[in-house]
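Everything quoted here is computed from the prediction, not taken from an experiment. Hydrogens, waters and symmetry mates are skipped; everything else that's a heavy atom, side chains included, is used.
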Amino acid sequence: MKKISLLVVSLLLSSPVFAGDEVSADTGVKLSNSCNITKNVKTDTLNLADVIELSMCNNPNTRQAWLSTKVGETAYKASLAGYYPQLSANASYQKSKSNDYVVDPDGEVSRGKVAEAGLSLSWLLYDFGKREAGVEKTFQSMNSTKFQYNDTLQQVAYDTIVAYYDALSAVEELAAVKANEEASLKSFELASKKFELGMSSKADTLQTETTYGETQLATTRQEQVVRNANAKLAKMLGLPPSQEIKLAPSFANASDDVIDKSVEELVNIAMARRPDLQAKMASVKASYAGVRSASATYYPTVSAFGSKTWDDVTDPKFNGLSSDKDGYVVGVKVSMPIFTGFENTYSLRNAKYQYAAEKEALQALQQDVELGVVNAYNQYKTSVKSLSIAKKLFESAVENEKVALGSYKAGKGDIISLMEAQSKLLSARKELISSQYGLYTSKIALLKSVGELNLQNLGAVK
């Protein structure tokens with residue numbers, strides 16, 4: 001039994017809580033320097049843990065989502081600048097000459113020189129909450145990107161697992177189709193031999209020959225399905241679609257702690273844990289902060305300011321004498337908007353509309369989440385029953401094919417019954433494969449629907 005790697009431990013985290021916290025460490029791993037892939041996809045056989053690790057590191061969606069968290073963090077840190085004083089420096093130097101100036105004994109025109117330097121400081125003291133609201137808006141936007149990152153990780157992990165199961169299922173169905181092709185060939189050979197011995201009609205031979213051709217066509221088509229499934233998985237791993245991948249069957253032992261709960265409990269878990277829902281809640285908070293920020297523009301701002309200057313002036317009117325001047329200014333300024341061309345009015349309305357729209361989007365997402373959990377729960381329960389029925393159906397189809405083949409060999413059965421039995425066996429075998437992988441997929445889908453697709457609930461890979 002192989003545990004999912006530590007890299008996947010880092011990536012498949014459950015949703016973090018950010019509200020009210022300071023900027024925390026990165027969620028997940030830094031994809032730029034923490035993904036040391038040890039598997040060679042061209043030569044090694046990959047199991048489920050391997051493909052998850054590859055998808056986490058190579059899939060562009062995960063990298064894009066991680067970079068978005070960096071954008072959110074830097075925007076939040078930039079917004080904190082409003083709490084600090086702003087200091088700037090300036091310096092200038094200039095020379096001037098004029099024909100009105102006195103010419104010195106050497107016949108040169110006297111020139112004036114001015115050198116200036118200064119420091120200016122401003123510090124916003126109070127603005128009725130606009131600065132605070134702006135910081136809160138960027139903080140919640142940062143939280144939203146982090147929850148979206150978590151959601152992307154879970155989505156990529158889910159899509160990768162499904163693609164992995166689809167690829168394995170396609171290979172198993174190919175084996176089933178080939179087995180049916182071999183059985184059809186044997187039926188054709190048997191019918192041909194019996195015809196040669198005068199024990200059956202030419203029609204039996206022709207029917208089995210036609211059926212054998214159909215099974216060959218089915219095999220060819222299923223081979224294409226295998227190639228397509230391989231290409232889809234390769235894309236999830238950030239590889240060229242033409243890259244052939246060798247797979248070893250392995251399955252996630254999904255925890256029953258989540259799966260065996262009632263649908264009502266699962267809905268409650270989803271409402272508290274779904275990262276996309278948490279991201280939208282953060283967006284609602286950011287929009288509300290935007291309303292607060294826009295409302296504060298109607299009120300005055302109080303700022304402190306100060307400056308220090310140094311001047312060095314050489315004036316030719318005074319025979320080239322120079323003078324040094326310096327000084328300082330300090331004060332407090334109150335600025336009150338009187339009329340802004342209705343900009344503040346419409347900015348506030350815009351912020352309120354955005355806030356209302358975000359709340360409606362949150363409500364719609366909550367409904368979608370609830371429906372998604374119910375659908376995933378029902379699908380899982382159906383998959384459990386379907387697998388049980390599919391096993392019985394397959395066992396019955398195997399016995400039926402054996403009886404039909406034995407009867408035809410003994411001359412008691414007809415070729416139509418044999419071909420029908422073989423067709424039902426193929427259908428039952430494919431249904432069993434589909435039901436088995438459908439159960440695996442439905443478990444993962446149920447975990448994903450409640451936002452609990454993490455290492456603890458994914459369990460060991462066996």
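Atom CD of Glu189 sits in a crowded spot, with more than 12 heavy atoms from other residues, nucleotides or ligands closer than 6.0 Å. Heavy-atom neighbours of Tyr346 OH from other residues, nucleotides or ligands within 6.0 Å: at or below the threshold of 12. Enclosure of atom NZ in Lys235 is not indicated, since only 12 or fewer non-hydrogen atoms of other residues, nucleotides or ligands lie within 6.0 angstrom. Heavy atoms of other residues, nucleotides or ligands lying less than 6.0 angstrom from NZ of Lys448 number more than 12. No more than 12 heavy atoms of other residues, nucleotides or ligands lie within 6.0 Å of CZ in Phe342, so this atom counts as exposed by the packing criterion. By the neighbour-count criterion of 12 heavy atoms within 6.0 Å, atom NZ of Lys381 is densely surrounded, having more than that number from other residues, nucleotides or ligands.
Checking each of Arg227, Arg221, Gln222 against Gln224 for a side chain to side chain donor-acceptor pair (under 3.5 Å) leaves exactly one that passes, namely Arg227. The only member of Asp151, Asp159, Thr152 that meets side chain to side chain donor-acceptor pair (under 3.5 Å) when paired with Gln155 is Asp159.
For residues 123-135, the salt bridge (charged side-chain N to carboxylate O under 4.0 Å, His left out) pairs, not counting sequence neighbours, are Glu132-Arg292. The side chain to side chain donor-acceptor pair (under 3.5 Å) contacts involving residues 350-369 comprise Lys280-Glu358, where partners must be two or more places apart or lie in separate chains.
A salt bridge does not link Glu395 with Lys392: none of the charged nitrogens is closer than 4.0 Å to a carboxylate oxygen. Electrostatic pairing of Glu172 and Lys430 does not count as a salt bridge here, judged by no charged N lying under 4.0 Å from a carboxylate O. The existence of a salt bridge linking Lys424 and Glu420 is confirmed by a sub-4.0 Å separation between a basic side-chain nitrogen and an acidic carboxylate oxygen.
Cation-pi contact between Lys202 and Phe195: present, with separation from the ring centre below 6.0 Å and deviation from the ring axis of at most 45°.
Between the Thr297 side chain and the Asn344 main chain, no donor and acceptor come within less than 3.5 Å of each other. Judged by distance alone, with hydrogens and angles left aside, the side-chain atoms of Ser449 form a donor-acceptor pair with the main-chain N or O of Leu446 at under 3.5 Å. For the pair Asn230 (side chain) and Gln243 (backbone), a donor-acceptor distance under 3.5 Å is present. Between the side chain of Thr208 and the main chain of Asp204, a donor-acceptor pair closer than 3.5 Å is present. For Thr138 (side chain) and Val135 (main-chain N/O), a donor-acceptor pair under 3.5 Å exists by modelled atom type. Using a distance-only test at 3.5 Å, with no hydrogens or angles considered, a donor-acceptor pair links the side chain of Thr62 to the main chain of Asn59.
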Q. Can you list the steps and then say if Tyr437 with Tyr440 is a ring-ring contact (aromatic ring centres under 6.0 Å, His included)?
A. CA-CA 5 Å; Tyr437 283 98; Tyr440 297 149; 5.7 Å; yes

Q: Show your reasoning for whether salt bridge (charged side-chain N to carboxylate O under 4.0 Å, His left out) applies to Glu182 and Lys178.
A: CA-CA 6 Å; Glu182 293 176 0; Lys178 286 184 175 181; over 6 Å; no

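In terms of heavy-atom proximity, Ala229 sits nearest to Ala170 at CB-CB, 4.2 Å.
For Tyr149 and Phe147, the ring centers sit 6.0 Å or farther from each other.
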